[in-house]
Amino acid sequence: MTDHVRIGVLGAARIAPTAVLRPARSSTVAEVVAIAARSTARAQAFADKHGIARVHGSYEDLLADPAVDAVYNPLPNGLHGKWTLAALEAGKHVLCEKPFTANATEAAEVAKAADASGLVVMEAFHYRYHPLALRVAEVVGSGVLGPLRHVEATVAFPLPLFSDIRYDYSLAGGAMMDAGCYAVHMVRLLGGEEPEVRSAKALLRGPSVDRAMHASLRFPSGHTGSVHTSMWSSTVFKLSMKAIGENGVLKVFNPLGPHALHRLSLRLKDRKSSETFGKRPTYAYQLDAFTDAVLHGKPFPTTADDAVKNMTVIDSIYRAAGLPLRQPTP
């Protein structure tokens, strides 16, 4: 591997075409070369549909494939840690879907292995690589808002299909894991520090599975934060970020949508402004960052160490809501 990255996909996941396959087609340095699934027939059907040359009937076989340099891991949440560790053991770089692992303890185990391996392990918070998120970080970091008072993020969408794996506790499911991990990451970006969870309240789908969650936070410098996430509640659909400072307010509309319009608005004491961004998918920017890291050692923000911090906040929210932590799937 010198001038391009050959990627193998673990699992015929619905997100894979959007997250990796289509961006790779427009990339000059990334190629999806293999797919593995729970059965050879399932892998073959996925490969035929998406034009993938190599098919494996098990994840182990894909990891042993010398034609694969890196792995995209979109498996259910409870399997992220297990198969990222296996990929590292096999000498593969990893682009791992969010949330990184089932809990912070498992995330720390993966981060330790990633550090020891010298390989690239990136958590797939695709929004973080879009020019909108880079601009948000620039605005907040510039101090133009003045001392922060409050930051908040909402990631809510309707998922009334309760048989979906995202509601399955045995697969580390729950709204906080699937959608809320984004909101936590966004609040950490806006807040600039690692927050303390002050309180949390969940709406339940089952005894241990949240369909919605609200959490109140406080940062070391004194500003507050809030996280709201939902897969089924009265907040049907909302994607937003907000930072309130003594000198103004930053609002972000649709920080996640990979193809839709993104917008940032800034209201200061002496002026107002609004910025829009192009329609190039967030996932394309993410793949650029991943290949740059693999081929050229370029640094990136959603590292394994950052994932430990994000999972630590998620675990604290579950504890504050009186719910058990998610556990790895055996």
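What you see is a predicted model; the values in this text were computed from it and never measured. By convention here, the first residue in the shown sequence is residue 1. Side-chain atoms are counted along with the backbone in the values below, which use heavy atoms only and exclude waters and symmetry mates.
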Distance-only polar pair, side chains of [X] and [Y], donor-acceptor under 3.5 Å:
X: E97; Y: Y72; answer: yes
X: H56; Y: D65; answer: yes
X: T18; Y: R22; answer: yes

**Contact list for residues 160-186, test salt bridge (Lys or Arg N to Asp or Glu O under 4.0 Å), sequence neighbours left out** = R14-D164, K98-D178, D164-R166, R166-D178

**Item:** Salt-bridge criterion met for E109 and K112 (N-O under 4.0 Å)
**Value:**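 Answer for the salt bridge query: no.
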
**Request:** Considering only NZ, NE, NH1 and NH2 on the basic side and carboxylate oxygens on the acidic side, decide whether E275 and R263 come within less than 4.0 Å.
**Result:**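 Result for this pair is no, no salt bridge flagged.
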
**Asked** Strictly under 6.0 Å, is that where the ring centroids of H126 and Y182 end up?
**Response** yes

**Message:** Restricting to non-hydrogen atoms, name the atom on R326 and the atom on G173 that form the minimum distance, rounded to 0.1 Å.
**Reply:**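 Nearest heavy atoms, R326 then G173: NH1-O, 2.9 Å.
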
**Message:** How close do A307 and E123 get, counting heavy atoms only, and between which atoms?
**Reply:**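 It is CB-OE1, 3.2 Å.
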
**Asked** Hey, is the main chain of A87 close enough, under 3.5 Å, to the side chain of Y59 for a donor-acceptor pair?
**Response** no

**Message:** Donor-acceptor check, side chain of H80 to backbone of P99, threshold 3.5 angstrom: yes or no?
**Reply:**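 Yes: the side chain of H80 pairs with the backbone of P99.
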
**Enclosure of W83 CH2 (heavy-atom neighbours >12, cutoff 6.0 Å)** =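 Enclosed: over 12 neighbouring heavy atoms sit under 6.0 Å from CH2 of W83.
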
**Item:** Selection residues 208-218 - residue pairs positive for side chain to side chain donor-acceptor pair (under 3.5 Å), sequence neighbours left out
**Value:**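 Of all non-adjacent pairs touching residues 208-218, those that pass side chain to side chain donor-acceptor pair (under 3.5 Å) are D210-Y318.
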
Show every donor-acceptor pair shorter than 3.5 Å between a side-chain atom in residues 186-206 and any protein atom, with sequence neighbours excluded, or say none if there are none.
from	atom 1	to	atom 2	distance (Å)
R188	NE	E194	OE1	2.8
R188	NE	E194	OE2	3.4
R188	NH1	D306	OD1	3.4
R188	NH1	N310	OD1	3.0
R188	NH2	E194	OE2	3.2
R188	NH2	D306	OD1	2.7
E193	OE1	S221	N	3.1
E193	OE1	S221	OG	3.3
E193	OE2	S221	OG	2.5

**Item:** Geometric class of the Y127/F125 ring pair [parallel <30°, tilted 30-60°, perpendicular >60°]
**Value:** perpendicular

